[in-house]
Novice: 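Starting off with a structure, shown below.
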Amino acid sequence: MQIELVAGDITERHVDAIVNAANSGLLGGAGVDGAIHRVGGPEVLAACRELRAGPLRDGLPTGQAVATTAGRLPARWVIHTVGPVYAADSDRSALLRSCYVASLRVADVLGAATVAFPLISAGVYGWPVQDAIRQALTALRAADTWVATARLVLFDDSRLELAQQVLNQPR
Ligand code: AR6
């Protein structure tokens with residue numbers, strides 16, 4: 001899988017699937033989640049409500065992923081995943097990496113070849129940005145998937161530069 005780093009708004013990415021940094025309730029929120037629901041429109045929310053009424057009655061657990069329509073977004077699907085809230089006194093990084101792996105697994109089932117990821121947990125959920133980048137790239141590089149291109153969308157140029165540095169660091 002090719003990994004691309006880009007800066008900007010994830011809702012403007014023309015890809016097969018856009019990953020949402022959601023919460024377990026799946027009914028919207030701030031950050032990426034707010035933007036995705038705003039641009040995706042009521043179809044995305046309706047699909048999320050359906051999931052909550054059926055298979056995900058108790059919400060989506062942290063580290064897992066599920067797909068819905070992308071509504072009016074320039075993508076076919078939104079893959080919702082729930083990152084862990086950062087905690088300095090416990091290592092939740094496996095759950096964070098799991099978000100990327102689980103999203104790719106869902107993308108494989110959908111047949112999505114291009115997937116755009118936000119920097120999961122690095123906003124409202126407080127994960128330190130550099131480590132969030134490291135976890136994302138570790139998970140994406142190790143993933144066994146049919147997805148051809150994963151595009152990690154950093155919100156601004158300074159985060160993009162940081163991600164480029166991390167990507168180019170010797171492993
Ligand atoms: N495009 C790309 N990146 C963005 C965008 C955007 N439109 N908006 C924010 N970011 P966050 P989390 C960056 O908070 O930390 C929500 O309320 C942002 O700068 O969206 O996983 C949910 O409902 C940061 O680097 O997600 C949950 O309750 C990264 O995306 C909770 O927040 C992730 O920030 C999830 O928090």
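Predicted, not measured: the structure shown is a model, and the values here were computed from it. Heavy atoms only: backbone and side chains are in, while hydrogens, waters and symmetry mates are out. First listed ligand is number 1; within each ligand, the first listed atom is number 1.
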Novice: By salt bridge (charged side-chain N to carboxylate O under 4.0 Å, His left out), which residues pair with Asp131, not counting sequence neighbours?
Specialist: Arg134
Novice: Can you list, pair by pair, the side-chain donor-acceptor contacts under 3.5 Å of residues 63-70, counting residues two or more places apart and other chains?
Specialist:
from: Thr68; atom 1: OG1; to: His80; atom 2: NE2; distance (Å): 2.9
from: Thr69; atom 1: OG1; to: Gly71; atom 2: N; distance (Å): 3.0

Novice: Provide, line by line, the atom pairs where ligand 1 and the protein bring an N/O atom each to a distance under 3.5 Å; else say none.
Specialist:
from: ligand 1; atom 1: 1 (N); to: Ile10; atom 2: N; distance (Å): 2.9
from: ligand 1; atom 1: 7 (N); to: Asp9; atom 2: OD1; distance (Å): 2.9
from: ligand 1; atom 1: 14 (O); to: Val124; atom 2: N; distance (Å): 2.8
from: ligand 1; atom 1: 15 (O); to: Ser121; atom 2: O; distance (Å): 3.3
from: ligand 1; atom 1: 15 (O); to: Ala122; atom 2: N; distance (Å): 3.4
from: ligand 1; atom 1: 15 (O); to: Gly123; atom 2: N; distance (Å): 2.8
from: ligand 1; atom 1: 15 (O); to: Val124; atom 2: N; distance (Å): 3.2
from: ligand 1; atom 1: 15 (O); to: Tyr125; atom 2: N; distance (Å): 3.0
from: ligand 1; atom 1: 17 (O); to: Ala30; atom 2: N; distance (Å): 2.7
from: ligand 1; atom 1: 19 (O); to: Arg159; atom 2: NH1; distance (Å): 3.3
from: ligand 1; atom 1: 20 (O); to: Val32; atom 2: N; distance (Å): 2.8
from: ligand 1; atom 1: 21 (O); to: Ser121; atom 2: N; distance (Å): 2.8
from: ligand 1; atom 1: 23 (O); to: Asn23; atom 2: ND2; distance (Å): 2.7
from: ligand 1; atom 1: 23 (O); to: Asp33; atom 2: OD2; distance (Å): 2.7
from: ligand 1; atom 1: 25 (O); to: Arg159; atom 2: NH1; distance (Å): 2.4
from: ligand 1; atom 1: 28 (O); to: Asn23; atom 2: ND2; distance (Å): 3.4
from: ligand 1; atom 1: 28 (O); to: Tyr125; atom 2: OH; distance (Å): 3.3
from: ligand 1; atom 1: 34 (O); to: Gly123; atom 2: N; distance (Å): 3.3

Novice: Kindly indicate, with the supporting measurements, whether the criterion side-chain contact (heavy atoms from CB on, under 4.5 Å) is fulfilled by Trp127 and Arg92.
Specialist: CA-CA 10 Å; Trp127 207 284; Arg92 300 177 178 171; 4.0 Å; yes
Novice: Look at the side chain of Arg97 and the backbone N and O of Thr138, then say whether any donor-acceptor pair between them is shorter than 3.5 Å.
Specialist: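 Flag not set: sc Arg97 to bb Thr138 has no pair under 3.5 Å.
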Novice: Keeping the roles fixed (side chain from Asp16, backbone from Thr114), state whether a donor-acceptor pair exists under 3.5 Å.
Specialist: yes
Novice: Could you list the donor-acceptor pairs under 3.5 angstrom formed between side-chain atoms of residues 31-51 and any protein atom two or more places apart in sequence or on another chain?
Specialist:
from: Asp33; atom 1: OD1; to: Asn20; atom 2: ND2; distance (Å): 2.7
from: Asp33; atom 1: OD2; to: Gly29; atom 2: N; distance (Å): 3.3

